[in-house]
Structure formats: C-alpha cells, structure tokens
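Heads up: numbering here begins at 1 and tracks the sequence. FYI, side chains are in, hydrogens and waters are out, and symmetry mates aren't considered; it's all heavy atoms of this structure.
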Amino acid sequence: MRSKIVAGNWKMNKNGEQTKELLRALSGGFPETEAEVMVAPTFVNLTNAVFQLKNSPIEVIAQNMHYAENGAYTGEISADMLQNIGVNTVILGHSERRAYFGETDELLAKKVTTALNHSLRVMFCFGEELEDRKADNHFKVVESQLKNALFSLDAAKWSNIVLAYEPVWAIGTGETASPEQAQEMHAFIRKTITEAYDETIANKVSILYGGSVKPANANEIFSKPDVDGGLIGGAALKADDFKAIINAI
Ligand code: 13P
C-alpha cells in the first residue's frame with residue numbers, strides 16, 4: 001500500500017506570528033485521516049513549527065536544501081541543519097526554484113543524493129511548462145527530469161522518495177490539470193519508473209499532484225488510482241481549505 005500524503009508548501013508566506021496562528025488553526029479540529037499530513041513553512045520558522053507540532057500528527061518539512069555538507073555557501077541551509085532541528089523531509093526541485101533560482105536537473109541530482117545520504121525523505125517536484133504541453137512534449141520533459149535527477153540512484157534509495165508532479169501551467173493559476181490529465185501523467189510516471197527499475201518500486205512510490213488543488217476539485221483528483229495525494233500551495237495557507245483538502249483524501 002502506498003502512503004497517501006497531503007502536503008502544504010507555504011512558499012515565502014507567513015511570518016513567525018502568522019505561522020503560529022495558522023498551525024494553531026490547523027491543529028484545532030484536525031481531520032481524522034490515514035493520510036500523512038505535512039506543512040512546509042519558511043526556514044526561519046521551522047524550529048518553532050517543529051516545537052509547536054511536537055505532539056501533532058502534522059509533520060514539518062523544509063522547502064529546499066543545499067547539496068554541500070557545510071562550508072562557504074552564504075545564505076544556504078544544509079541537510080544536517082534540517083535534521084538537527086527535527087525536520088526529516090525536504091522538498092527539492094520545485095518549479096519556482098528551477099525558474100527563479102536556476103536549479104537544474106544536475107544540481108538537483110546532487111541535492112537529492114545528499115538528502116538521501118542523510119536519510120532525509122525527499123519530496124521531488126517536477127513538471128512541464130505550458131509550451132511543452134502545447135507542443136505535446138510533456139511526457140518527454142517529465143521523463144528527462146526524472147531520469148536526470150533520480151534514475152542513477154540505487155533502488156534501495158527509492159523508499160525515501162515521494163514524487164510531486166506539478167505542471168507549471170497549473171501552479172498558482174487557478175487552472176488545474178483535469179483529473180484525467182493528472183491520472184494519465186501519473187500512470188506514465190509509474191511506467192517510466194518500472195522501465196528504469198521495476199514494478200515493485202513503481203507501485204510503492206507515492207505520486208502527488210500539485211497545481212491549483214482546492215477544496216472544490218481535490219476529491220475528484222484524489223479519486224484517480226495513480227494520484228496518491230497533493231502538494232498544495234495557495235489553499236494550504238487557509239486552515240479551513242487545507243483541512244477540507246485533507247478530508248477529501
Ligand atoms: P498552488 O496550489 O498555489 O497552485 O501551488 C502549487 C504548488 O506550487 C505547491 O508546491
């Protein structure tokens with residue numbers, strides 16, 4: 001059985017007070033669920049969030065990480081620093097990191113390797129841009145993103161990987177991939193992993209969908225057999241919306 005996961009990526013939103021408040025609101029009347037629920041506040045609020053959620057089923061995860069163990073990388077955060085404050089999962093490869101901070105597949109391969117060597121769980125994001133889809137290149141793009149960053153890993157490492165397919169054209173735009181488009185891509189991803197590794201690994205890895213998931217569409221998207229949950233942006237910033245999405249799974 002694959003884990004069902006609902007994760008909130010808060011991006012560069014919520015200061016310390018607002019983080020505390022949103023976590024308080026989320027924790028009150030928290031839905032009964034078998035899904036794993038995660039939130040990713042900004043780096044400066046991670047320590048407090050871990051402390052605040054100490055006895056909660058909600059896991060605090062990080063939005064990014066550097067590949068080096070330590071050293072002269074001003075402004076960066078290492079795997080050890082995350083673990084040391086009780087963070088055990090890190091989002092890597094988000095399209096905003098790729099687009100605004102020049103993160104390439106090659107760089108991401110290094111980050112993924114470091115994170116996994118530290119036994120951090122990696123939530124690896126990828127997805128095509130609108131032009132790729134219009135040109136019918138979306139499967140090729142996704143395949144190469146996976147191949148370049150992940151397919152050199154030993155099979156054993158895959159137990160610590162979660163995938164998040166996030167078509168760039170659906171992020172923050174209000175335009176969601178249809179449940180059929182999500183299912184089609186998720187099934188393709190599983191087929192690609194089967195070819196690179198085997199069916200066991202492909203069937204075990206949780207594949208989340210991300211891109212304008214809201215309470216109104218979550219149920220239909222999550223009902224697809226290869227969609228194991230969601231990575232939520234905007235709707236994760238409102239406690240009621242996020243809880244409704246958790247309820248949908
Ligand atoms: P939205 O849900 O705001 O479209 O963002 C999705 C996302 O980028 C999550 O990582």
Please tell me whether [X] and [Y] are part of a single hydrophobic cluster in this structure, the criterion being side-chain heavy atoms less than 4.5 Å apart.
| X | Y | answer |
| --- | --- | --- |
| L116 | M38 | no |
| V205 | Y209 | yes |
| L82 | Y67 | no |

What I want to find out is whether [X] reaches [Y] closely enough, with some N-O distance under 4.0 Å, to be called a salt bridge.
| X | Y | result |
| --- | --- | --- |
| K191 | E195 | yes |
| R98 | E129 | no |
| E131 | K134 | no |

Tell me the closest heavy-atom pair linking [X] and [Y], and the distance in Å.
| X | Y | result |
| --- | --- | --- |
| A62 | F43 | CB-CE2, 4.2 Å |
| P215 | I245 | N-CG1, 3.8 Å |
| I246 | P31 | CG2-CG, 3.9 Å |
| P167 | G210 | CD-O, 3.4 Å |
| W169 | Q181 | CH2-OE1, 3.7 Å |
| G127 | Q145 | N-OE1, 3.0 Å |

Return the orientation label for the Y73 and H66 ring planes: parallel under 30°, perpendicular over 60°, tilted otherwise.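 Geometry flag for H66 against Y73: tilted rings.
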May I ask you to decide if the ring planes of F126 and Y165 are parallel, tilted or perpendicular, using 30° and 60° as cut-offs?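 It falls in the tilted class, 30° to 60°.
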Regarding E59 and T89, is there a side-chain donor-to-acceptor distance under 3.5 Å anywhere?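 On atom types as modelled, these side chains qualify, holding a pair under 3.5 Å.
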Any side-chain donor near an acceptor of the partner, K157 and N117, under 3.5 Å: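 Per modelled atom types, K157 and N117 side chains form a pair under 3.5 Å.
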Would you find a donor on one side and an acceptor on the other, under 3.5 Å apart, between the side chain of Q52 and the backbone of K20?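 Yes, the answer is positive, given that a donor and an acceptor are paired below the 3.5 Å cut-off.
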Please say whether more than 12 non-hydrogen atoms of neighbouring residues, nucleotides or ligands are located less than 6.0 Å from [atom1] in [X].
| X | atom1 | value |
| --- | --- | --- |
| Q18 | CD | yes |
| F30 | CZ | yes |
| E220 | CD | no |

If you group Ile, Leu, Val, Met, Phe, Trp and Tyr whenever their side-chain heavy atoms sit less than 4.5 Å apart, what else falls in with Y100?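 For the cluster that includes Y100, the remaining residues are F101.
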Using a 3.5 Å cut-off and no angle test, enumerate the donor-acceptor pairs between side-chain atoms of residues 227-242 and protein atoms at least two apart in sequence or in another chain.
unit_1, atom_1, unit_2, atom_2, d
D228, OD1, R2, NE, 2.9
D228, OD2, R2, NE, 3.1
D228, OD2, R190, NH2, 2.8
D228, OD2, I207, N, 2.8

Does H138 have any side chain to side chain contact (heavy atoms under 4.5 Å, CB included) partners at least two apart in sequence or in another chain, and if so, which?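 With sequence neighbours excluded, H138 shows a side chain to side chain contact (heavy atoms under 4.5 Å, CB included) to E128, R133, D136, M185, given in chain and number order.
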Rounded to the nearest 0.5 Å, what's the gap from CG on L107 to CG on N148? Could you check?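 Taking CG in L107 and CG in N148, the distance rounds to 12.5 Å.
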